[in-house]
Amino acid sequence: MRPAVVVLTGAGVSADSGVSTFRDAGGLWEEQRLEDVATPEAWARDPALVWRFYQLRRAQLAEVEPNPAHLALARLERALALAGAPFTLVSQNVDDLHARAGSSVLSMHGQLRVLACEACGRTLEDDAHLDPESFVPCSACGHPRLRPDVVWFGELPRFVDQVEVRLHEATHFLAVGTSGAVWPAAGFLGLARATGTRTFVNALEAPDNAGEVDHFLPGRAAEVIPGLVDTWIDEWGLSAHA
Ligand code: APR
């Protein structure tokens, strides 16, 4: 059997790197009301508050590193590529840890490292302007403040059609560190099951839709995912040195 793998990650895959999750105890939404900092209305109402929230998270990127879960998923991607087998990693996370681990990642909620101009549409990767009190003007059109290029509540997540095509072809679907609270990512598990894909979920506690999962893998991603990748590489006869 030639495997075809789709992996969805959420905040839990970066928790072991020290990046806050959203809905766990002490998570971001316990400290901020998401409607105050993660919606277009919040940006229009109080851009300074929203900017401070994202600038602090942008600055944190320099202090965290990919953990063994990120590295294992990049290794799996390389091993499958050597065998000519399809691999898709889609993440709800806006940190850059998958990319820094070497993965090709579809960032469906955008990326903290990218700023966007609402006036002219220009985007730029930026890790130089991190002052929470200073907006960054658009150097192309002069608009006074670039926004974080992240998908806010009420905005369209990215790459969803592409992921759904890959899910129809997938033999294995793995969700790592996501509560399954936010659509459309929350629907990927059900779509995988409906197309006969074997489903695996790793989280600290069973997700609400755990009953639909073929294999629930409890525990920290940094401890669970490397072993799962080793098992798959061995089971599929892939290169152990990818
Ligand atoms: N290893 C594995 N799983 C973990 C770990 C860990 N170390 N720590 C936490 N988890 C799991 C939790 O059990 C939970 O299922 O990660 C999940 C975190 O859930 P959320 O905080 O809701 O994060 P996520 O599912 O990514 O949120 C989805 O909601 O607020 C929006 O845009 C935001 O992308 C985010 C989306």
Side-chain angles (χ1 to χ4, degrees), residues 7-43 50 53-54 56-58 60-61 64-73 89-99 101 105-114 147-160 163 173-190 199-213 215-229:
V7 179
L8 166 68
T9 63
V13 80
S14 296
D16 294 326
S17 297
V19 180
S20 302
T21 61
F22 293 92
R23 295 172 182 82
D24 290 321
L28 282 171
W29 297 150
E30 276 201 358
E31 293 161 18
Q32 295 275 2
R33 287 174 0 115
L34 63 87
E35 54 270 27
D36 290 344
V37 292
T39 64
E41 294 76 17
W43 175 244
V50 175
F53 175 70
Y54 282 96
L56 292 173
R57 294 175 67 198
R58 282 164 35 86
Q60 186 194 38
L61 294 179
V64 296
E65 297 292 331
N67 67 57
H70 297 106
L71 297 170
L73 291 173
L89 171 63
V90 54
S91 186
Q92 300 172 95
N93 300 341
V94 292
D95 65 54
D96 60 351
L97 293 172
H98 280 307
V105 54
L106 300 175
S107 298
M108 66 184 292
H109 290 167
Q111 297 179 64
L112 282 171
R113 290 197 66 237
V114 180
R147 61 165 276 184
D149 191 35
V150 302
V151 176
W152 283 326
F153 287 90
E155 296 183 325
L156 272 180
R158 303 167 184 174
F159 308 113
V160 176
V163 172
F173 172 75
L174 166 64
V176 184
T178 181
S179 59
V182 172
W183 289 76
F188 291 164
L189 174 64
T199 55
F200 299 73
V201 169
N202 160 240
L204 293 187
E205 69 280 327
D208 301 344
N209 49 6
E212 302 167 24
V213 180
H215 304 274
F216 174 58
L217 310 170
R220 307 192 70 80
E223 292 157 14
V224 169
I225 300 306
L228 176 65
V229 166

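We count ligands from 1, going down the list as the structure has it; atoms in each ligand are counted the same way. Counting begins at 1 with the first residue of the sequence.
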Side-chain donor-acceptor contact under 3.5 Å, S107 with S91: no
Distance-only polar pair, side chains of T178 and Q92, donor-acceptor under 3.5 Å: yes
Considering all heavy atoms, the nearest A69-V13 contact: CB-CG2, 3.8 Å
For atom 11 (C) of ligand 1, the option (of P218, G177, S14) bearing the nearest heavy atom: G177
Nearest neighbour in protein (non-hydrogen) for atom 28 (C) of ligand 1: Q92 OE1, 3.5 Å
Close-contact set for ligand 1 against N202 heavy atoms, below 4.0 Å: 2 (C)
Any N/O pair A203/ligand 1 closer than 3.5 Å: no
Side chain, backbone, both or neither: L204 near ligand 1, heavy atoms under 4.0 Å: both
Atom of W152, atom of V37 and distance for their closest heavy-atom approach: NE1-O, 4.0 Å
Short N or O distance, A181 and ligand 1, threshold 3.5 Å exclusive: no
A11 contact mode with ligand 1 (heavy-atom cut-off under 4.0 Å): both
Protein contact of atom 35 (C) of ligand 1 - nearest heavy atom, named by residue and atom, plus distance: F22 CE1, 3.6 Å
Nearest protein heavy atom with distance in Å, relative to atom 10 (N) of ligand 1: G12 CA, 3.6 Å
Identity and separation of the nearest protein heavy atom to atom 1 (N) of ligand 1: A221 N, 2.8 Å
D16 side chain vs N67 backbone, donor-acceptor pair below 3.5 Å: no
Sub-4.0 Å heavy-atom contact, G219 with ligand 1: yes
Among I225, V176, L97, the one residue meeting side-chain contact (heavy atoms from CB on, under 4.5 Å) with H70: L97
Closest candidate by heavy atom, reference atom 32 (O) of ligand 1, pool R23, E223, H109: H109
Check: T178 N/O within less than 3.5 Å of ligand 1 N/O: yes
SB check D95 R58 (cutoff 4.0 Å): no
Nearest neighbour in protein (non-hydrogen) for atom 9 (C) of ligand 1: D24 OD2, 3.1 Å
Heavy-atom closest contact (A72 atom, P226 atom, distance): CB-CA, 3.7 Å
Between H98 and T9, a side-chain donor and acceptor under 3.5 Å: yes
N/O separation below 3.5 Å, G10 to ligand 1: no
Residue pair P66 / S17: nearest heavy atoms and the distance that separates them: C-OG, 3.8 Å
Ligand 1 atoms in contact with A15 (distance to a heavy atom under 4.0 Å): 7 (N), 8 (N)
V151, T21, D16: member with heavy atom nearest to atom 7 (N) of ligand 1: D16
From CA spacing to verdict: salt bridge (charged side-chain N to carboxylate O under 4.0 Å, His left out), E155, R147: CA-CA 14 Å; E155 296 183 325; R147 61 165 276 184; 2.8 Å; yes
Side chain, backbone, both or neither: F153 near ligand 1, heavy atoms under 4.0 Å: side chain
Nearest protein heavy atom with distance in Å, relative to atom 30 (O) of ligand 1: W29 NE1, 2.8 Å
Matching residue for F200 among V213, L174, L189 - test: side-chain contact (heavy atoms from CB on, under 4.5 Å): L174
Atom 13 (O) of ligand 1: the protein heavy-atom neighbour that sits closest, reported with distance to 0.1 Å: E205 OE2, 2.9 Å
